[in-house]
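Counting starts at 1 for both ligands and their atoms, in listed order.
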Amino acid sequence: MIIKEINQELINIVSKENVRQYEPMKKHTTFNIGGMADIYVLADTKEQIQDILKIVKKYDVPLTIVGNGSNLLVKDKGIRGIVLKPNLKGITVDRDKITASAGELLIKVAKIAAEKELSGLEFACGIPGTIGGAIKMNAGAYGSEMKDIVLKTTYIDMEGNINTIYNKEHEFDYRRSVFCKQKAIIIETELELKFGQKLEIEKKIEENKRNRIEKQPISMPSAGSIFKRGEGFITAKLIDECGLKGFTIGGAQVSEKHAGFIVNTGNATADDVINLISLIKNKVKKKFQVDIETEIQIIGE
Ligand SMILES: Cc1cc2nc3c(=O)[nH]c(=O)nc-3n(C[C@H](O)[C@H](O)[C@H](O)COP(=O)(O)OP(=O)(O)OC[C@H]3O[C@@H](n4cnc5c(N)ncnc54)[C@H](O)[C@@H]3O)c2cc1C
């Protein structure tokens, strides 16, 4: 009943097409896995987000924020309450600075940077997340990360206030930022890049792309690297040395191409993935006496 009521209130804020009741989250994750969200809502403007936060408060329902779902494993029973996708769009370039809204794909921003002969985002060309997800997770690859290029980020806090923080205040660390400890909705970020040579930038992007195609199972549904980089060891190498490449539980498989990835071979459940993660952790611990940590975010029930 309450879900129906909330649904109606959300429709009044964002229009009917942007609210879905009992929406399968497998449609919104790159893993193609996940149970139903009670309500899934897309917000195109910051005012809509502020109004949605009022509904969250009024009904005291849980709020989950998602971007492109490329770092998420949503559990099989789904997500209670409201799942909000901040879908704000817009990219502007001013000399060596790019301002991008949270709902823009990082790959698109990287492409525009290359077109404008701006260097610094080449690392991001194969990361399938949004700007919002990339800021929260401090996305990175090939020795670079968001931390290196972010000037400032604007976000809405849970009270609906709009705030701006500058680079240091993001508390960027390996695949984390201040937004991992403080819930907020990122709406926009400004990046500072460097003027470069178009050919050089394009060459680097091609090199990175080739590297991914060669080494990663990018044609199969996954959430990227399942585990964090190890301190003093390469996690994927340890998993490989446990003989786990190709090992399967249900529809979840340790990628035959890259042992750090788990792929969905077609009908994997979140339980399959969680059981496989736990098996990998145990095998690695037994053989190498090290604890490996998950990098992906596991959410829902
Ligand atoms: C094939 C593949 C390759 C990958 N390679 C890399 C890689 O090289 N490097 C790397 O770092 N990652 C990689 N990833 C993981 C993933 O793409 C990144 O973590 C990405 O930054 C996540 O962005 P997203 O929009 O998909 O966020 P989601 O997965 O949807 O969410 C991730 C987190 O960000 C939060 N979030 C999302 N948007 C917002 C917002 N607007 N405001 C507040 N919080 C928000 C969510 O609540 C969640 O906690 C890869 C994934 C895949 C599938």
### Task
Would you give the length of the straight line joining atom CD1 of I262 to atom CG of L73, rounded to the nearest 0.5 angstrom?
8.5 Å
### Message
Under 3.5 Å, is there a donor on one side chain and an acceptor on the other for T269 and D272?
### Response
yes
Give every pair made of an N or O atom of ligand 1 and a protein N or O atom lying under 3.5 Å apart, one pair per line with both atom names and the distance to 0.1 Å, or write 'none'.
unit_1	atom_1	unit_2	atom_2	d
ligand 1	5 (N)	R212	NH1	3.2
ligand 1	8 (O)	R212	NH1	3.4
ligand 1	8 (O)	R212	NH2	2.8
ligand 1	9 (N)	G140	O	2.7
ligand 1	11 (O)	G140	N	3.0
ligand 1	11 (O)	G140	O	3.4
ligand 1	11 (O)	R175	NE	3.2
ligand 1	17 (O)	S70	OG	2.7
ligand 1	21 (O)	G133	O	3.4
ligand 1	21 (O)	A134	N	3.4
ligand 1	25 (O)	N68	N	2.9
ligand 1	25 (O)	T130	N	2.8
ligand 1	25 (O)	T130	OG1	2.6
ligand 1	26 (O)	N68	N	3.3
ligand 1	26 (O)	G69	N	3.2
ligand 1	26 (O)	S70	N	2.9
ligand 1	26 (O)	S70	OG	2.6
ligand 1	29 (O)	S70	N	3.1
ligand 1	29 (O)	N71	N	2.8
ligand 1	30 (O)	G67	N	2.7
ligand 1	30 (O)	N68	N	3.4
ligand 1	30 (O)	G69	N	2.8
ligand 1	38 (N)	G133	N	3.4
ligand 1	41 (N)	I186	O	3.1
ligand 1	42 (N)	I186	N	2.9
ligand 1	47 (O)	I65	O	2.5
ligand 1	49 (O)	K136	NZ	2.8
ligand 1	49 (O)	Q297	OE1	2.4

### Pair K285 + D291: basic N to acidic O under 4.0 Å
yes
### Query
According to the interplanar angle, ranging from 0 to 90°, do the rings of H170 and F179 count as parallel (below 30°), tilted (30 to 60°) or perpendicular (above 60°)?
perpendicular
### Message
Pairing donors with acceptors under 3.5 angstrom, does anything connect the side chains of Y142 and E207?
### Response
no
### Summary
Rounded to the nearest 0.5 angstrom, the NZ-CD distance for K89 and E104 is 5.5 Å
